[in-house]
Amino acid sequence: MKTTQSSRWLFAAAGATALMALGSSGAWAQDAAAAAPAEAAASTKYIFNTLLFLIGGFLVMWMAAGFAMLEAGLVRTKNVSMQCTKNIALFAIGGIMFWLVGYNLMYDGVNGGFIGTLAPKIIPPADNDPGSYAAASDWFFQMVFCATAASIVSGTLAERIKLWPFLLFVVVLTGFIYPIQGSWKWGLGWLSPDGDGSWIQATAGAKFQDFAGSTLVHSVGGWAALVGAIFLGARHGKYEGGRVHPMPGSSIPLATLGTFILWLGWFGFNGGSQLAIGTISDASSVSRIFVNTNLAAAGGVVAALLMTQAVYGKVDVTIVMNGALAGLVSITAEPLTPSPLWSIIIGGIGGVIVVLTVPLLDKMSIDDVVGAIPVHLLAGIWGTMAVPITNSDASFLAQAIGVGSIGAFVIVVSAVVWGILKLTIGLRPSLEDELGGLDKAEIGLEAYPEFGSGSQRVGL
Amino acid sequence: MKTTQSSRWLFAAAGATALMALGSSGAWAQDAAAAAPAEAAASTKYIFNTLLFLIGGFLVMWMAAGFAMLEAGLVRTKNVSMQCTKNIALFAIGGIMFWLVGYNLMYDGVNGGFIGTLAPKIIPPADNDPGSYAAASDWFFQMVFCATAASIVSGTLAERIKLWPFLLFVVVLTGFIYPIQGSWKWGLGWLSPDGDGSWIQATAGAKFQDFAGSTLVHSVGGWAALVGAIFLGARHGKYEGGRVHPMPGSSIPLATLGTFILWLGWFGFNGGSQLAIGTISDASSVSRIFVNTNLAAAGGVVAALLMTQAVYGKVDVTIVMNGALAGLVSITAEPLTPSPLWSIIIGGIGGVIVVLTVPLLDKMSIDDVVGAIPVHLLAGIWGTMAVPITNSDASFLAQAIGVGSIGAFVIVVSAVVWGILKLTIGLRPSLEDELGGLDKAEIGLEAYPEFGSGSQRVGL
Amino acid sequence: MKTTQSSRWLFAAAGATALMALGSSGAWAQDAAAAAPAEAAASTKYIFNTLLFLIGGFLVMWMAAGFAMLEAGLVRTKNVSMQCTKNIALFAIGGIMFWLVGYNLMYDGVNGGFIGTLAPKIIPPADNDPGSYAAASDWFFQMVFCATAASIVSGTLAERIKLWPFLLFVVVLTGFIYPIQGSWKWGLGWLSPDGDGSWIQATAGAKFQDFAGSTLVHSVGGWAALVGAIFLGARHGKYEGGRVHPMPGSSIPLATLGTFILWLGWFGFNGGSQLAIGTISDASSVSRIFVNTNLAAAGGVVAALLMTQAVYGKVDVTIVMNGALAGLVSITAEPLTPSPLWSIIIGGIGGVIVVLTVPLLDKMSIDDVVGAIPVHLLAGIWGTMAVPITNSDASFLAQAIGVGSIGAFVIVVSAVVWGILKLTIGLRPSLEDELGGLDKAEIGLEAYPEFGSGSQRVGL
């Protein structure tokens, strides 16, 4: 009798009181007791992982504001309202499109292939959530990444694109282009598997690695922006007479604010991409990612500071900002395996890339208003190719295949979409509208009505 | 002896060593063992719930900055310092008043009635905290909601109210008006219970539902603002000669920043209002709320984009911002039960309301500088009345009773307070001070001293 | 046999199935059962504590943006790009220096002494993390504190220091000055221990107490700024002809934004300094700290509102902002033990200090562009000396020893560094460069190129 009593205590200890009614055989007791603590841990993990997606997600959502401020600061006064409108609108459209088609195209049933399914993402009831996190928190986290790709395009094409063709491009980018290429890696498509029968493993010795999206997010935005810039042409007067005419941005402090917002948001971007924080190991990894992300940005800043001082004899603050962002983009493909020193170096090289390539684009008469192509495309490629330096599970060939195939896809589809838009509703406002500023022509509200539009003083 | 030993092990396993001294009767042991794992889980839950209040709370605190930037961007240069001062001051005053009287008026001993008790909120020592979260974290979360109501009033009354009468109104609003009506629902007052003997249940078939405050926060701020706008009158020159004279805001990018800050903060506003994240079900609910909140904002943006383009032939960026905010207000009464599609629709209708009612207010010569009445009051009412569409536990009648009774209370008390202030210290500055700008008259510091006050160019 | 079986159930209940193979002696069973639940709790605690460092850390990182906006708003247009550059650069340099030497100087092997070791902080692999949090999360949290000290210096010295000498000072401050004095208390150096053989305990009856850095962070930045201001001298024209010439800042809304950012970040600054949130008691403490931090800021705001109204007949918005910040600095030395009322009072006195000492510095011809010396140094000293009022474990003498010794150290070393910089590369730009603005002279980009530099209108 005594023994039976102590086995009851055992049940109680496990919190499995309901099972007591089922009898008190030793086997039952053992199962119940063993299962109960594991259950508890699973629930705690689930909440931690969900929290990571939610916190990481709201930090990345905040990056939309960062892009808005960066771009509002780097365009001229007469186009600031337009740029604000574009950034609010693209975040809204991105969210709706990613729900309507994007999420399932990217994540549902890709299965080693090239595309998912075409359906709105249905957020399941709580009891159908995956075992390790809330489905809705994952959707939220992935959605803000999708919107980030669109934010990148917005900056490059500033000051000379009409609102609606831009927004229609965003519809396609966030609903189709981003999700389809994203499915190849993060949706477990053809670039992803490393087991037997994996083409990329067999060909390149490794799967393609892109931890938080140097290629999947940043280069995608960058390619779409580059193709758009070519279809659009440069701002009127930018490259007149074979010379580059600087058109300085309207507000350095707003651009600075944007840079700090992006820096902050990037902790969510990279840290959240660990996708889990419910174990000691995951929590440690997220922490290392924070450190490396910060040091890469710091490396980019210091590289840009020293290089612009050396090259131009003065520090150029917009290059310094882009140095920070290039450092962040560079570490995004692999923020976990580098040592702190490697993070500084990887980010620093990102900063060097910005200093070297900003004038190069001007030489090619590619008008990138905010420097998004050097920052997001070129530093994104660099960061992706740098993964094998610190991650022995990566191969340069696999990285090149990922960069190349995604680049080719985005270039081709973007070109088709930009081409159709150009041929149908047209991309550019009239010359008069462009010179007078898009705020008056398209938005009907000047950004700073009491300070003058500045059109008398700067940039024609 | 063996058995006695194993019962000791049981105690140890349960961590209830203190109970060992009490003896080792079976009943005691069973209780102790059963309680211990629940305790452990309770501690984890407690921390999760507290974290939700703290994170949600700092996000809502950040909304105070959002209102400040939105309003600083939407008033004219000559009143920007004033608007900044008001927003910093109201957040400080709201915090102190909510501690001094508000919290206990709202939450202490309401018990189905109309008001709590009159005493400062004493934050108890840790071992007197409620079982499921830290008392101080709850106070912090509720306090920032109270301050939000005051922020709403600030925008409507901009450019023509003196500093001190405004701040005195904030004292009453955050110390008394907001907490008293808040006690009716969130303090478990007469609008809240659904059991037997509940008047609202018996009358309307359901209790009043307001998840995160479409009515309790947003419409309260909106009513107080509306009554204030009527007592104050319009800005000089706004409706001169029977025509509406636009007085465009000084900085669209600051208003954009404010919009993004509010959008971000709203994840804390609605997500935190789940009030718990310590179980799988709660974590899933918070995640769904994030998704729905975002999609409702997106719906408001897209509706405002399309409608302003259709109606005015141009997109109006301030309407688009207010569309986002109206979408957010609309989903706030029930961010959990709607599907994503319903969230887009509910938010989209919020956006439509803004487009339709902004000119309506002008027609009635009600001068709402930032559009807070359409956004917070009208979309707040819409959102509250929309709850029964997706939540079968709600009834239209109960919602109407809640909206109506809270509206009536706030209108009456606000009118008394505004009236007393008008008759005593007066609400408006002299005409000369208003025309010269409140920054010079009341603050002694221009917002942009080097850019000119703009008074030559715009708005008289 | 029965008893053996029930001991097996015990193992199972503890989830320590591996131990079952080791035998089933009573002793083993007891250990395993007792240890296992503690283990499980340890993993959860580890994640909670790590989350606190990461969330607290990103909030404090965000303060770097707050300082940037505050300073960009409070300097004149012609120096805004410079101020932005300095703030981005100092955060990057601070991060790298704190990794390169600072962290280990501050935390590694101080052991009751005056300094740690000279080596880069190596982030260990996950399985070498300390038992209660991820090493990298701690590094991240401490790093952003280090950067904060540098941000403080930036504001005081604005508008008249060249970029590179400032950045070189930041190298020394973040790599050496801050970490060495920090080691005395937070690195468990000579100001820290309270056991037997502790000099400070024996001398002053208590160890030195500084919860989140009123002295270790804020006064350090303040002393370094004060010494720098003396070495630099005032801006040209500031104190000409024995009178104080106001040089109003370029953008009150940006300064307001900065204030709100700092207020938000301070929840991480003080809340995170609890250093743990894995128990009910710690979660409660963090929550109380949030409440007290907010109320102290509110007290500072209200004090500044009332006093500037009383003294000047008008509310001064920059003093109100500095009142908020002074309130925050004042509560930073002890945000846990004060009651809400004491928090309001402590913060309020901080606000009073600002109102009284801003003119005093002008009288001494010490040119502190943003008011950082009253806010961070004087309110920091006040807050540190106020600890014994509410914390019975503190003594006034111990607090004075801490304040005095850290102050003396920072004054002497700062003076040496500023002196060397002045004698070698020089601190000040040419008079022509200063009058024309540092943006043109040193950065090559005006902050608002379309709005005019304002040099015609204001400040010579």
Side-chain angles (χ1 to χ4, degrees), chain B residues 2-3 5-6 8-10 12-13 15 40 43-44 46-47 50-51 53-55 57-58 61-62 64-65 68-69 72-73 80-81 84-85 87-89 91-93 95-96 99 120-121 123 126 129 134-137 139-140 143 163 167 251 254 257 442-451, chain C residues 3 6-7 10 13-14 26 29-30 33-34 37 41 44 48 55 59 76-77 248 250-253 256-257 259-261 264 267 271 277-281 283-288 290-291 294-295 297-299 301-302 305 312 314-318 320-321 324 340-341 344 451-452 454 457-458:
Chain B
K2 285 267 181 182
T3 311
Q5 194 176 15
S6 63
R8 280 212 193 103
W9 302 340
L10 269 170
S43 139
T44 302
Y46 179 101
I47 300 167
T50 298
L51 262 179
F53 281 139
L54 296 179
I55 296 171
F58 77 62
M61 177 270 160
W62 184 225
M69 292 300 106
V80 170
S81 292
C84 292
T85 309
N87 275 283
I88 298 174
F91 188 74
I93 291 170
I96 291 176
W99 166 73
K121 167 67 182 174
I123 306 288
D129 270 336
S137 70
W139 184 87
F140 180 69
M143 180 272 293
L163 180 63
L167 295 184
S251 174
L254 285 186
L257 176 64
E442 300 244 322
I443 306 298
L445 261 182
E446 291 177 78
Y448 308 99
E450 299 172 63
F451 305 153
Chain C
T3 311
S6 64
S7 73
L10 270 171
Q30 195 165 353
T44 301
F48 276 128
I55 295 172
L59 286 173
R76 288 165 295 170
T77 304
S250 52
S251 173
I252 296 300
T256 302
L257 176 64
T259 303
F260 273 116
I261 293 175
L264 169 60
F267 296 115
I277 196 168
T279 64
I280 284 186
S281 164
S284 292
S285 295
V286 173
S287 303
R288 278 159 188 71
F290 269 55
V291 171
N294 194 70
L295 286 174
V301 166
V302 171
L305 276 170
Y312 303 112
K314 274 180 190 181
V315 166
D316 181 323
V317 62
T318 60
V320 170
M321 292 176 205
L341 182 58
I344 296 170
F451 306 153
R457 269 195 77 204
V458 174

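Letters go in sequence order (proteins before strands), and every chain restarts at 1. All figures in this text were calculated on a predicted structure; none of them were measured in a lab. Hydrogens, waters and symmetry mates play no part in the numbers below; they use all other heavy atoms, side chains included.
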Nearest-0.5 Å distance that lies between atom CD1 in Ile93(B) and atom CG in Leu305(C): 6.0 Å
Nearest-0.5 Å distance, CZ of residue Phe140(B) to CZ of residue Phe290(C): 6.0 Å
Relative to chain B, which segment of Leu59(C) carries a heavy atom at a distance below 4.5 Å: side chain, backbone, both, or neither? side chain
So for Ala64(B), is it side chain, backbone, both, or neither that comes closer than 4.5 Å to the heavy atoms of chain C? both
Taking the side chain as every heavy atom from C-beta outward, state whether Leu54(B) and Ile55(C) have any atom pair closer than 4.5 Å. no
Can you name the nearest heavy-atom pair linking Ala283(C) to Ala134(B), along with the distance? O-CB, 4.2 Å
Looking only at Val315(C), Val302(C), Val301(C), the option with the highest number of non-hydrogen pairs under 4.5 Å against chain B is Val315(C)
Choice from Ser285(C), Gly299(C), Pro340(C), Ser284(C) maximising heavy atom contacts with chain B below 4.5 Å: Ser284(C)
Under 4.5 Å heavy-atom distance to chain B, tell me which part of Ile261(C) shows up: side chain, backbone, both or neither. both
Would Ile277(C) and Leu51(B) count as a side-chain contact (heavy atoms from CB on, under 4.5 Å) if you check the C-alpha gap in whole Å, the side-chain angles of each, and the deciding distance to 0.1 Å? CA-CA 9 Å; Ile277(C) 196 168; Leu51(B) 262 179; 4.2 Å; yes
Flag side-chain contact, heavy atom, 4.5 Å: Tyr448(B) against Pro253(C): yes
Ranking Cys84(B), Ala135(B), Ala89(B), Ser137(B) by heavy-atom pairs under 4.5 Å to chain C gives rank one to Cys84(B)
Would you give the length of the straight line joining atom CD1 of Ile47(B) to atom OG1 of Thr44(C), rounded to the nearest 0.5 angstrom? 8.5 Å
Minimum heavy-atom separation for Ser250(C) to Pro449(B), with atom names? O-CD, 4.0 Å
Check whether any side-chain heavy atom of Leu257(B) lies under 4.5 Å from a side-chain heavy atom of Leu257(C), and answer yes or no. yes
When you compare the side chain of Leu264(C) with that of Met61(B), does any pair of heavy atoms fall below 4.5 Å? yes
Does Met143(B) reach the side chain of Leu295(C), with side-chain heavy atoms less than 4.5 Å apart? no
Side chains of Asp129(B) and Ile280(C): does their closest heavy-atom pair fall under 4.5 Å? no
Measuring from atom CD1 of Ile96(B) to atom CG of Asn294(C), what distance do you get when rounded to the nearest 0.5 angstrom? 9.0 Å
Given Thr256(C) and Asn87(B), is the side-chain contact (heavy atoms from CB on, under 4.5 Å) satisfied, shown in steps? CA-CA 9 Å; Thr256(C) 302; Asn87(B) 275 283; 5.9 Å; no
Counting heavy-atom pairs under 4.5 Å with chain C, the top scorer among Ile443(B), Ile123(B), Val80(B), Thr50(B) is Ile443(B)
State, to 0.1 Å, how close Phe58(B) and Phe267(C) come at their nearest heavy-atom pair, and which atoms those are. CB-CD1, 4.4 Å
Please look at Thr279(C) and chain B and tell me whether the side chain, the backbone, both or neither of the residue comes under 4.5 angstrom of a heavy atom of that chain. backbone
